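Bear in mind that the values here come from a model prediction, so they are computed numbers and not experimental data. Values below: every heavy atom of this structure, side chains too, minus hydrogens, waters and symmetry copies. Throughout, protein chains are lettered first and strands after them, A, B, ... in sequence-line order, and every chain is numbered starting at 1.
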2 protein chains.
Amino acid sequence: MELKRTVKQAIHSANTLIERARSQHLTLAVTGLSRSGKTAFITSLVNQLQQGNTPEHLPLFDVVRERRLKHVRQVAQPHLNVASFRYLAGMRNLTATPPKWPEPTKTISEIRLELTFKAKSNRWLSGSEPSKLLLDIIDYPGEWLLDLPMLNLDFQQWSEQQWHLLEQPPRKDASADWRQQALALLGREPCDDAIHECADHYAKLLKEFKQTLGLSLLQPGRMLMPGDMEGTPALAFFPLPEQCLLDDAASKALWHILKARYDYYVKHVVKAFFKRYFSHFDRQVVLVDCLQPLNEGEAHFREMQQAIGQVMNSFQYGEQSWWQQLFDPKIDRLLIAATKADHVTIEQFEPLTNLVEQITEDARRYASFSDIKIQSQALASIRATKFGHVQQGKKTVPALKGNRISDGQSITLFPGDVPPGLPSPAFFEQHSFNFVAFAPQPRQSDYAPLPHIGMDKAIEFLLGDVLK
Amino acid sequence: MELKRTVKQAIHSANTLIERARSQHLTLAVTGLSRSGKTAFITSLVNQLQQGNTPEHLPLFDVVRERRLKHVRQVAQPHLNVASFRYLAGMRNLTATPPKWPEPTKTISEIRLELTFKAKSNRWLSGSEPSKLLLDIIDYPGEWLLDLPMLNLDFQQWSEQQWHLLEQPPRKDASADWRQQALALLGREPCDDAIHECADHYAKLLKEFKQTLGLSLLQPGRMLMPGDMEGTPALAFFPLPEQCLLDDAASKALWHILKARYDYYVKHVVKAFFKRYFSHFDRQVVLVDCLQPLNEGEAHFREMQQAIGQVMNSFQYGEQSWWQQLFDPKIDRLLIAATKADHVTIEQFEPLTNLVEQITEDARRYASFSDIKIQSQALASIRATKFGHVQQGKKTVPALKGNRISDGQSITLFPGDVPPGLPSPAFFEQHSFNFVAFAPQPRQSDYAPLPHIGMDKAIEFLLGDVLK
């Protein structure tokens, strides 16, 4: 059985590689929870490929170190109905005075690059044609992956889970008014307008959970960015307490209206998203910001951990998985990157990498079963600080120098230790974190590539094999 | 030929009527340019049907006068992915202190009513089952109909038309910067980001034309409410001057990029909208606010006249029409209503009705060829004023009393004459209009139906025959 699976997977992998070599086309998906640095990562990726073509700048990216990358240009994106990733708009922000981070995109977006390179096989044959690779980079909100578990839950199970969450801290206080409003709907003949009102209020609550409380487990995810679904019944649902089913006919009628909407949403929004996109992704980047949740405290850190766990479930392609059978995904490489590595000192890279590995451990174990290659690393897509030292009493300690984003001040500081593994409750009681957010550095010249930490290692993992 | 057509149409009409009687289902579409009063009309329509069931309140609505309307209730709308028309939210606004007009909807929305009535045929048979009619009311922005001519134009023809408009008053001054930006794209290799920038600027310009200049002929209409199309290439196009085609290869390349996007938009947005909706509409209401354009002056009045002309083109179903062949529309009644009749004095209703008839004359002539029944009338969906008289010197003149919307003040005034037909340029030079906008009146009771002018006549025309 084990052997049969291995052989089958080996054949599958070989076929995929042959297919890719022929078509010379790769789709790279980039995701992460909001504020994890997706736009900065893609902006840097495009910039490194276009302007960073020197072995000194990208020493770990083979095709550059071997001077085989000829040129990289943006070409027309494949889908006219998908938002464009605005690379130059981001670069304008980074070049402004003072420099600003690129605007985050709010929905799915894409950009296509054409890479012209000399393949290794014809490296010494003069006059041979250069090879070409079409690279599609797709950016989508990690929050959309958090709807994935809904595919496996009916309205009753989902309601139970959500209602339970709402009754616990950190959601308990903020959700009290809303729960009262929802309960007031019970026992009366359902009124469409009152349901809409309650759903509008629920959407506001989810936005508050996200923006004020910094929480990530927010379903239905599309309530946070409804687009064309604004005001539709498909998005006008919310969890109900189970007592509806035991109670009077009016409450049951309400339950059935919301159940129908939940079912519609799961089928036509969640499932449709995965069907449309996931079968086309070849490689996936998951970006994780560990520092901000550490700043915010234990509840937030656990929530982030749980949300990333759910995101990672999307990449568990076991042979028996319902998921595999439903969407036939073909991702074969998965990069998990702890971003904002420039916001800690250099000796913290190892604990930071350890931390992100532990956060994603279960999923990584599964993914490796299903023949997906995985790399975890620390990363600064666009490096905003310089390393240095400061005197603390008689000791010289490592430090960062950069421009604090809150007031633009140039500061030098030791930002604190990253915990050496998943922090325990006791750890949170004893430590408080205060990682500072930095603004990007002014650019030396429009032609200089963006400074980075670890982008060469990341790009080599994501593209190296197809640029051989 | 003429006879053959008439017979064919008669058979078609008979079949349609039979079909409708059997299914007892009618779809009523309501449109008009923005601020023409669509939301107020639908709010009033639902309110009159639900609360206005007395012969004194709706004397011209037969089923009510004959006391055959049993009850009317809102039931679940048919499409979960279409925004809900929020009737009760509008009623809450009207009942607020001070009363406010309902919020305008920004996109397509729908509401379904179930009417229970006694059919005339079994009027005197005791114990017979009451009949039921399912009425779907659909509200959509009139601006979307203004994209219809794009179906008949290629990118070159459209560009010429639009570029011409941009070079004339009232668009000339406001568009000067944008035209410079567009011309600066010529002769350079097309850059996707620069095209997006220029399209973003064009979208801003269209919004300015609408909001600041009050113009209506704005293409592509979806730029004003992009929804999920925000930031996509399908919406990142704009007209180019024809010289592109004569010039260098770079300008031609730009032309071809924009042409492909234009073609995509026409096929997947404009055509898709008509295909999805138009074949399902049974009856259509077109609302026209003649007063505000008269206030704004000749250029605006002409633009409104032209826009309404284009909107009306959507209802010209000649036998040979490409439009008919493409979408198989089946609208058989068309109500054209000059709204805000309560903003003029009673003796002005006739000139107001004449005016709206003349604005829509061409289209009405065509529509009547194709067996569509048409009614033109003046209307106040929700009456905001009372009629009275004021003394002007020694004369007693008719006057209006209401609460001015700008400051909430109760005022009594003679608002001015509506021109007795399409006003000439000379007429605009000699007259200036100043129709005042009024706030809704406070409601006497939550159970009282909304006051109106002419809603009974409108509803009888739209629904009377199916409630026989």
Under 4.0 Å between a Lys/Arg side-chain N and an Asp/Glu carboxylate O for B:D200 and A:R86? yes
Grab the two heavy atoms, one from B:V82 and one from A:P233, that are nearest each other, plus how far apart they are. O-CD, 3.1 Å
Options B:A234, B:S84, B:P190, ranked by heavy-atom pairs under 4.5 Å with chain A, top entry: B:S84
Given B:E197, B:M225, B:Q77, the one with more heavy-atom pairs under 4.5 angstrom with chain A than any other is B:E197
Of all of B:H196, B:R92, B:Q74, which one pairs up most often with chain A through heavy atoms under 4.5 Å apart? B:H196
Can you tell me which portion of A:E110 sits under 4.5 Å from chain B's heavy atoms? Options are side chain, backbone, both or neither. neither
Under the side-chain contact (heavy atoms from CB on, under 4.5 Å) rule, what do B:N81 and A:M229 come out as? Steps first, then yes or no, please. CA-CA 7 Å; B:N81 59 349; A:M229 296 188 71; over 6 Å; no
Region of A:H79 that comes under 4.5 Å of a non-hydrogen atom in chain B: backbone
Is it true that, when you exclude A:R276 itself, more than 12 heavy atoms of the residues, nucleotides or ligands shown sit nearer than 6.0 Å to its CZ? yes
Where do B:L80 and A:T232 come nearest, in terms of heavy atoms and distance? O-CB, 3.4 Å
Contact origin within A:A260 toward chain B - heavy atom pairs under 4.5 Å: backbone
CG (B:D193) and CD1 (A:I111) are apart, to the nearest 0.5 Å, by 9.0 Å
Measuring from atom CG of A:L88 to atom CG of B:D192, what distance do you get when rounded to the nearest 0.5 angstrom? 9.0 Å
